[in-house]
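Only a predicted model underlies this, so the values are computations on that prediction, with no experimental measurement involved.
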Amino acid sequence: MSIKINQEKCVGCLSCILVCPGSLIKEKDGKAYIKYPKDCWGCASCVKECKVCAIDYYLGADIGGNGSKLNVSYEGDILHWNITKGDGSVLVIDVNSKDSNQY
Amino acid sequence: MGIKLRHEIISTDVLIIGGGTAGCYAALTLCKNSKLKVVIAEKANIKRSGCLAAGVNAINAYIVEGRTPEDYVDYAIKDANGIVRKDLLLSVAKRFNEVTAQMEKLGLVILKDTDGNYVTRGNRNIKINGENFKPILAKAVRKGKNIEVFNNVNITDFMVNDNTIYGAIGFSIREEIAYEFRAKAVIVSTGGAAGLYKPNNPGTSRHKMWYPPFNTGAGYAMGIKAGAEMTSFEMRFIALRCKDTIAPTGTIAQGVQAKQINSLGEVYENNYGITTSERVYGTVKENQLGKGPCYLQTSAMDKVKEKDLLKAYLNMAPSQTLKWIESGKLPSEQDVEITGTEPYIVGGHTASGYWVNTNRETTIHGLYAGGDVTGGCPQKYVSGALAEGEIAALDIISKISEFAEIKENVAKESRKIVKEYEDILKSANALFTAEELEEAMQKVMDEYAGGISTNYQFNEKQLMLAEEKIDNLIQLSKNLSASDMHELMFVYELRERLLVCKSVIAHLYHRKETRWHSFNENLDYPQQRDEYFCYVNSKFENDKLKIIYRDIVKEAVYEHKN
Ligand SMILES: Cc1cc2nc3c(=O)[nH]c(=O)nc-3n(C[C@H](O)[C@H](O)[C@H](O)COP(=O)(O)OP(=O)(O)OC[C@H]3O[C@@H](n4cnc5c(N)ncnc54)[C@H](O)[C@@H]3O)c2cc1C
Ligand code: SF4
Ligand code: SF4
């Protein structure tokens with residue numbers, strides 16, 4: 001379980017560093033990187049915090065990961081959960097933060 | 001290396017250790033009802049720290065229309081086979097709805113029907129959008145006038161004199177600073193303990209567990225070291241979760257009414273009982289009988305429901321939604337495989353933690369406990385953590401004048417602890433790393449103290465071996481070194497876990513019965529025994545754990561006595 005931070009996309013706002021509940025993300029030369037990838041809980045806090053979609057969330061192969069990546073972009077109250085599958089196809093699931101879960 | 005830490009002293013009225021659910025709500029309560037100065041010391045950042053980082057799915061403990069707090073208490077008593085504190089349960093149950101209403105005022109979205117009533121899930125739950133539960137709470141705390149938050153400060157020790165607390169000490173994980181907090185009263189709310197046992201995914205996904213791997217039992221360890229009485233560590237919590245992602249299953253089980261089935265398609269839950277522990281036990285048994293894997297039967301659900309289910313999981317456990325999409329088989333096409341987790345110690349689900357009076361004061365004067373760190377009050381969940389934060393805060397306000405003023409001769413004790421930090425940072429070339437000892441600890445607990453690989457079962461001989469091996473690891477952990485402040489935290493996290501393990505083993509050993517299948521499955525005593533209808537408590541005295549058996553509390557209000 002872990003995340004990957006795209007160094008090209010990262011603008012160094014450092015919000016992901018602040019929000020990780022395990023303080024696993026650190027800064028180097030003005031960019032964020034995950035220092036302890038094996039310690040990632042998979043909570044996606046950092047992913048939701050990154051406003052430029054520089055953080056990809058993926059499942060380790062040991063828990064069924066098959067190459068898909070997940071990140072989040074925002075439009076008002078809507079969270080677009082963008083899933084890019086291993087074959088390059090993209091699926092977007094929209095969740096309105098003003099709507100409750102139905103379950 | 002030789003890092004000299006800057007030693008900062010901060011004085012306040014109330015110190016809150018751990019800015020999670022209970023800690024944040026305690027701070028808000030203090031702020032709303034008093035002018036007391038409040039400091040929160042949090043090892044991460046209160047915005048997303050603790051159990052609520054990914055979000056929660058429902059308010060699991062709520063008194064729905066037509067039910068009473070007493071009904072809730074009855075349910076929890078039954079589920080825990082009697083080993084609970086009725087006074088504690090009743091006090092949270094009476095507050096579930098009010099703290100929920102407060103959260104709604106702060107911005108929490110709760111599902112309502114067309115008449116404006118909350119939509120319930122089963123008999124005790126209401127449905128919410130809990131993705132931003134923690135950011136909402138943290139925002140309110142940041143606005144609090146008298147609250148100062150120290151993020152990224154890891155607390156390691158209480159400062160206690162004559163069984164009265166006067167503060168706590170810790171260090172920043174970002175800067176070379178040791179913090180000494182002096183306070184009249186302290187609330188510990190550091191959550192439970194994960195990572196004691198070998199986890200479900202021990203390799204590169206070792207932290208893909210249900211309970212936060214960053215809740216390492218610090219609060220338990222600090223209390224044990226300071227001589228606080230603890231209760232029910234033998235009532236471990238083993239969760240039934242989605243295989244691999246270890247994501248919660250309640251959403252499927254209760255939201256979609258999916259049944260537990262084995263690989264033959266048989267519904268097995270009625271064969272074992274439906275308490276929390278029996279549901280885990282049944283699943284373990286079916287696997288042992290060769291009828292695994294076990295599933296939650298989702299394949300009958302319709303597509304519209306399925307879309308909502310994918311969204312619900314994104315709001316609390318995004319890995320599960322990703323897993324469904326990744327596998328190419330959605331829940332309507334394939335049942336969801338379930339598994340038991342490694343055992344956790346968590347007072348919000350089972351009853352492990354501080355032994356407190358009805359107002360949540362521990363046996364150390366001036367030290368209060370709230371949330372998962374507090375014992376005796378299982379099934380309190382997120383609303384119960386809020387409620388306990390509130391109960392502790394209100395009691396502190398009413399008694400603040402009684403609490404000891406800060407003593408002046410405290411510097412010696414804190415200097416000793418700061419020196420310990422510096423020594424760990426100074427020492428080089430330790431043979432073992434904290435990570436290696438952690439792996440060793442998890443192996444011992446797994447094999448000898450009832451982990452996943454032994455189907456959660458153990459006998460006394462194994463427990464004695466476990467104790468010997470954990471004691472040995474405790475010795476080894478004294479020689480660890482750290483090259484920066486984050487690694488220093490790793491060293492303390494390991495030591496905390498080892499001490500909690502020691503305590504868990506002692507408790508398992510001294511409850512000579514099987515009261516809860518899987519949670520304490522003692523092969524030497526496979527039955528429930530009447531003489532163990534009592535609490536198993538413990539207290540660290542002269543470097544030894546002393547076991548105290550206590551009668552079940554029947555009074556409506558409990559005060560500490562010897
Ligand atoms: C994944 C998950 C899903 C859940 N889903 C639900 C749900 O849907 N409904 C429900 O009602 N309940 C749910 N629960 C239960 C509920 O969230 C918890 O019981 C509750 O939030 C616990 O609150 P707490 O304050 O005790 O702990 P936490 O909120 O975890 O707070 C503990 C805090 O202490 C900090 N800390 C730890 N050690 C130290 C230290 N040494 N120094 C300083 N700070 C420290 C941590 O970083 C953390 O911020 C869920 C729990 C989990 C783990
Ligand atoms: S939040 Fe995104 S942009 Fe900001 S530091 Fe992290 S990765 Fe970089
Ligand atoms: S997913 Fe959570 S635990 Fe993992 S790096 Fe991001 S914030 Fe940290």
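One finds no salt bridge joining B:Asp484 and A:Lys26 here, because no Lys/Arg side-chain nitrogen approaches an Asp/Glu carboxylate oxygen to under 4.0 Å.
Within the 4.5 angstrom heavy-atom criterion, atoms from both the backbone and the side chain of B:Leu309 approach chain A. The contact between B:Pro212 and chain A is made by backbone and side chain atoms together, counting heavy-atom distances below 4.5 Å. In this structure, chain A has a heavy atom under 4.5 Å from the backbone of B:Cys51, while its side chain stays farther away. Contact annotation for B:Lys305: both backbone and side-chain heavy atoms come within less than 4.5 Å of a heavy atom of chain A. With a 4.5 angstrom heavy-atom cutoff, B:Phe490 touches chain A only via side-chain atoms. Of the atoms belonging to A:Tyr36, it is side-chain heavy atoms, and not backbone ones, that fall under 4.5 Å from chain B. Heavy atoms of B:Glu435 lying under 4.5 Å from chain A belong exclusively to its side chain. When heavy atoms are compared at a cutoff of 4.5 Å, B:Asn152 approaches chain A solely by way of its side chain, counted from C-beta outward. For chain A, the nearby part of B:Ile110 is the backbone; its heavy atoms alone come within less than 4.5 Å. Contact of B:Asn57 with chain A is made through backbone and side chain together, with heavy-atom distances under 4.5 Å.
Heavy-atom minimum distance, A:Ser97 versus B:Asn129: O-ND2, 3.3 Å. The minimum heavy-atom distance between A:Leu24 and B:Phe214, with the atom names listed, is CD1-CZ, 4.0 Å. In terms of heavy atoms, B:Leu111 sits closest to A:Ser100 at CB-OG, 3.3 Å. The two atoms that bring A:Gly60 and B:Ser205 nearest to each other are CA-OG, 4.1 Å, heavy atoms only.
Heavy-atom proximity under 4.5 angstrom to chain A picks out B:Leu322, B:Lys323, B:Ile325, B:Glu326 from residues 322-336 of chain B. The stretch residues 5-18 of chain A places A:Ile17, A:Leu18 near chain B, each with some heavy atom under 4.5 Å from a heavy atom of that chain. Along residues 39-53 of chain A, the residues that come nearer than 4.5 angstrom to chain B, judged on non-hydrogen atoms, are A:Asp39, A:Cys40, A:Trp41, A:Gly42, A:Cys43, A:Ala44, A:Ser45, A:Lys48, A:Glu49 in order of number. Scanning residues 66-77 of chain A against chain B with a 4.5 Å heavy-atom cutoff picks out A:Asn66, A:Gly67, A:Ser68, A:Leu70, ordered by number.
Contacts with chain A were tallied for B:Asn200, B:Asn315, B:Leu108, B:Thr251; B:Asn315 has the most, counting heavy-atom pairs under 4.5 Å. In terms of non-hydrogen atom pairs under 4.5 Å with chain A, the most contact-rich of B:Lys311, B:Glu131, B:His486 is B:His486. Ranked by heavy-atom pairs under 4.5 Å with chain A, the first of B:Lys208, B:Lys47, B:Met316 is B:Lys208. Put simply, of B:Lys134, B:Met489, B:Lys243, B:Lys127, the one with the most heavy-atom pairs under 4.5 Å next to chain A is B:Lys127. Per-residue counts of heavy-atom pairs under 4.5 Å with chain A were compared for B:Glu42, B:Gln254, B:Met209; the largest is that of B:Met209. For the set B:Ala312, B:Gly130, B:Pro135, the count of heavy-atom pairs under 4.5 angstrom toward chain A peaks at B:Ala312.
One distance of note links OG of A:Ser23 with CZ of B:Arg174; it measures 5.0 Å at 0.5 Å rounding. Here the CD1-OG1 distance, from A:Ile83 to B:Thr321, works out to 7.0 Å after rounding to the nearest 0.5 Å. From A:Gln102, atom CD reaches atom NZ of B:Lys307 across 12.0 Å, with rounding to the nearest 0.5 Å. Note: B:Asp244 CG to A:Asp62 CG = 8.0 Å, rounded to the nearest 0.5 Å.
No side-chain heavy atom of A:Ser2 sits under 4.5 Å from any side-chain heavy atom of B:Thr204.
Counted within 6.0 Å of NZ on B:Lys303, heavy atoms from surrounding residues, nucleotides or ligands total more than 12; the atom is thus considered enclosed.
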